Visitor: 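Below: one structure in structure tokens.
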Amino acid sequence: MAKIKKISYRDIINVKKLISVVCSDNVMSYRRLFFLSVPITYIQNLIYSVHLRRLPETYVAFDNSNNLKGVISVKAQHGNPYKWQIKRLFLDKNSHEEGKQLVEYIIAKFGARGVDTFYVSVDDNQNELIDLFIKGCGFRFCSTEALWSISNVNFIVDNIDESLFKPFKSSDNQKSADLFNDNLITHYKYSLSKEKEEFDDKLIQGINSDLNFKYILEDNSKKIIKAFIEIKTIDNKNYFIDTIVPPLYSDLYAMILSFAVKKIQKRNKKSKIYIKNRKYLQGSELYENFFKENRFELLQNNAILVRDFFKTVKEESRGYNNAVVFSGFEI
């Protein structure tokens with residue numbers, strides 16, 4: 001049985017070694033784990049209510065010889081303290097049992113405090129990790145989403161009337177949530193629907209260069225939102241675009257995406273730009289075809305796995321020997 005505890009400064013050296021061994025691209029993961037998780041761990045130890053927990057929490061697992069076997073990082077969904085995402089998981093070789101224990105520890109700990117949904121986004125090529133979550137930890141496959149690189153910008157529409165796009169306001173959160181939920185394919189609504197608070201702006205931005213910009217495309221005559229656009233960056237170099245565009249307005253997609261790309265290029269002309277395609281939203285096939293036609297590069301397909309706190313799976317997990325590194329992105 002692994003010994004599990006919240007990360008501390010004394011664990012930094014061991015965790016850095018583990019990440020450097022199992023993950024060659026470790027700089028960002030290391031920075032996010034320690035410069036956010038470690039300093040706030042002492043503050044959050046004083047807070048019991050999950051409603052007040054807004055920043056990532058990281059836990060480590062050691063074997064009986066005090067060897068580090070795994071690291072897990074989790075975070076509450078912004079605006080929904082009852083929905084938590086497993087953000088990162090690092091496991092040493094021959095440590096899948098410790099990985100299972102880490103996941104179960106998180107579910108038991110926060111489930112007891114009222115969290116009813118846990119989800120994780122995993123590269124669909126990582127079959128062993130998917131098995132760990134599904135067969136070992138009681139998660140179920142829900143849907144998929146794809147991450148594309150906008151490697152070609154020849155699609156950009158010139159002479160866009162930017163006045164059509166309005167900066168997101170707090171009063172737009174209900175309309176945006178309705179747009180998302182109405183655009184969800186029906187059988188995903190139970191697991192993936194969003195509350196209006198999940199569209200609220202974060203109170204604090206700018207920590208470690210984290211920035212978030214949101215816009216809406218509104219039909220003034222009907223007082224409805226045609227599209228929602230969100231732009232995120234953590235380093236002012238890599239930018240991520242997320243859009244909600246119903247199929248009814250698919251003819252506007254090139255203009256909507258052009259607007260977002262131009263906003264990014266004004267901040268950094270040499271930026272790398274990525275976009276997510278959610279397979280559980282209506283019209284995802286249309287936009288995937290748009291990406292292919294414009295020679296975007298498909299980087300990753302992710303499986304969305306979900307576990308409700310009250311559901312359990314008793315099937316024994318298979319044994320694996322490979323090390324595991326996983327870093328997901330939010331749905």
Side-chain angles (χ1 to χ4, degrees), residues 1-8 11 14-15 17-19 21-23 26 29 33 37 41 50 53 56-77 82-144 191 302-331:
M1 178 68 69
K3 295 179 289 184
I4 299 173
K5 67 182 183 70
K6 185 171 283 191
I7 194 170
S8 69
D11 302 319
N14 289 330
V15 175
K17 289 179 180 177
L18 174 62
I19 295 176
V21 169
V22 301
C23 177
N26 60 71
S29 297
L33 277 172
S37 296
T41 187
V50 295
R53 294 174 181 264
E57 297 197 27
T58 300
Y59 295 82
V60 290
F62 294 87
D63 63 14
N64 292 330
S65 300
N66 212 34
N67 298 311
L68 181 66
K69 305 300 287 183
V71 184
I72 193 169
S73 181
V74 295
K75 184 178 184 296
Q77 175 72 23
Y82 302 106
K83 182 190 296 183
W84 280 60
Q85 181 186 14
I86 297 175
K87 298 284 292 181
R88 295 172 185 85
L89 179 63
F90 300 95
L91 298 178
D92 199 2
K93 291 183 178 180
N94 305 310
S95 299
H96 281 254
E97 184 60 31
E98 286 82 0
K100 175 183 174 182
Q101 291 174 30
L102 275 169
V103 174
E104 291 290 354
Y105 176 85
I106 292 298
I107 292 172
K109 180 182 181 69
F110 294 106
R113 297 182 180 182
V115 179
D116 56 26
T117 300
F118 299 86
Y119 70 94
V120 59
S121 176
V122 181
D123 189 327
D124 65 0
N125 288 321
Q126 296 189 21
N127 295 324
E128 293 181 2
L129 185 58
I130 291 175
D131 275 357
L132 185 150
F133 279 106
I134 292 180
K135 296 184 177 181
C137 302
F139 283 70
R140 69 183 188 278
F141 174 81
C142 184
S143 185
T144 59
S191 300
N302 274 28
I304 306 300
L305 311 178
V306 177
R307 174 169 169 176
D308 299 309
F309 180 66
F310 58 87
K311 294 185 178 180
T312 59
V313 172
K314 295 182 179 180
E315 182 178 355
E316 292 295 329
S317 61
R318 295 178 0 212
Y320 299 105
N321 294 318
N322 294 331
V324 167
V325 56
F326 146 73
S327 184
F329 50 90
E330 294 181 5
I331 66 173

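Just so you know, these numbers come straight off a predicted model, no measurement behind them.
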Visitor: Distance from Lys87 atom NZ to Lys75 atom NZ, nearest 0.5 Å?
Guide: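 Lys87 atom NZ to Lys75 atom NZ measures 6.5 Å (nearest 0.5 Å).
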
Visitor: For the pair Val122 and Phe141, evaluate side-chain contact (heavy atoms from CB on, under 4.5 Å) and give the outcome as yes or no after the intermediate values.
Guide: CA-CA 10 Å; Val122 181; Phe141 174 81; over 6 Å; no

Visitor: Taking atom CD of Glu98 and atom OH of Tyr105, what is their separation to the nearest 0.5 Å?
Guide: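 Rounded to the nearest 0.5 Å, the CD-OH separation comes to 15.5 Å.
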
Visitor: For the NE2 atom of His96 and the CG atom of Asp131, what is their distance to the nearest 0.5 Å?
Guide: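 One finds 10.0 Å between NE2 of His96 and CG of Asp131.
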
Visitor: Using a strict threshold of under 4.0 Å (side-chain N to carboxylate O), is an ion pair present between Glu57 and Lys6?
Guide: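 So Lys6 pairs with Glu57 through a salt bridge.
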
Visitor: Quick check: do Leu132 and Phe139 have side-chain heavy atoms less than 4.5 Å from each other?
Guide: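 A side-chain contact under 4.5 Å is absent here.
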
Visitor: Measure the shortest side-chain to side-chain distance between Leu129 and Leu89 over non-hydrogen atoms and say whether it is less than 4.5 angstrom.
Guide: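 Side chain of Leu129 against side chain of Leu89, heavy atoms only: contact under 4.5 Å found.
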
Visitor: Does the ring centre of Phe118 sit less than 6.0 Å away from the ring centre of Trp84?
Guide: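 No, ring centres 6.0 Å or more apart.
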
Visitor: To the nearest 0.5 Å, what is the distance between CG on Leu305 and CD1 on Ile130?
Guide: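 So the CG of Leu305 and the CD1 of Ile130 are separated by 6.0 Å.
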
Visitor: Between Gln77 and Tyr119, is there a side-chain donor-acceptor contact under 3.5 Å, judged purely by atom types and distance?
Guide: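 Present: a donor and an acceptor within the cut-off.
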
Visitor: Between Ser95 (side chain only) and Lys93 (backbone N and O only), is there a donor and an acceptor less than 3.5 Å apart?
Guide: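 Yes, because the side chain of Ser95 sits within donor-acceptor range (under 3.5 Å) of the backbone of Lys93.
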
Visitor: Can you tell me how far CD1 of Ile4 sits from CD1 of Ile106, rounded to the nearest 0.5 angstrom?
Guide: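 Rounded to the nearest 0.5 Å, the CD1-CD1 separation comes out at 8.0 Å.
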
Visitor: Would a 4.5 Å heavy-atom cut-off, applied to side chains only, mark Val103 and Val120 as touching?
Guide: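 Of all side-chain heavy-atom pairs linking Val120 with Val103, none is under 4.5 Å.
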
Visitor: Minimum heavy-atom separation for Leu68 to Ala61, with atom names?
Guide: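 Smallest interatomic distance, heavy atoms only, reads CD1-O, 3.5 Å.
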
Visitor: What closest approach, in Å, do Val60 and Phe62 show between heavy atoms, and which atom pair accounts for it?
Guide: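 Looking at all heavy atoms of both residues, the closest pair is CG2-CE1, 3.5 Å.
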
Visitor: Taking atom types as modelled, find out whether Arg140 and Ser191 have a side-chain donor-acceptor pair closer than 3.5 angstrom.
Guide: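 Yes - a donor-acceptor pair under 3.5 Å links their side chains.
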
Visitor: Give a yes or no answer on whether the side chain of Arg307 reaches the backbone of Cys137 with a donor-acceptor pair at less than 3.5 Å.
Guide: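 Such a contact is found between Arg307 side chain and Cys137 backbone.
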
Visitor: Any non-hydrogen side-chain atom of Asp124 less than 4.5 Å from a side-chain atom of Asn302?
Guide: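 The answer is no, as the side chains (C-beta and beyond) never meet within the 4.5 Å cut-off.
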
Visitor: If I compare all heavy atoms of Leu91 with all of Gly70, which pair ends up nearest, and what's the gap?
Guide: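 Shortest heavy-atom contact: CD2-CA, 3.9 Å.
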
Visitor: Of the non-hydrogen atoms in Thr144 and Ala303, which two are nearest, and what is the gap between them?
Guide: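 Heavy atoms of Thr144 and Ala303 come nearest at CG2-CA, 4.3 Å.
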
Visitor: Under the criterion side-chain contact (heavy atoms from CB on, under 4.5 Å), I'd like the reasoning laid out for Asn64 against Met1: C-alpha separation, chi angles, the key distance, then a yes or no.
Guide: CA-CA 8 Å; Asn64 292 330; Met1 178 68 69; over 6 Å; no

Visitor: Nearest 0.5 angstrom please: Leu102 CG to Ile86 CD1, how far?
Guide: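 Separation between the atoms: 9.5 Å.
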
Visitor: What's the shortest heavy-atom distance between Gly136 and Lys100, and which atoms?
Guide: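 So the two residues come closest at O-CE, 3.1 Å.
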
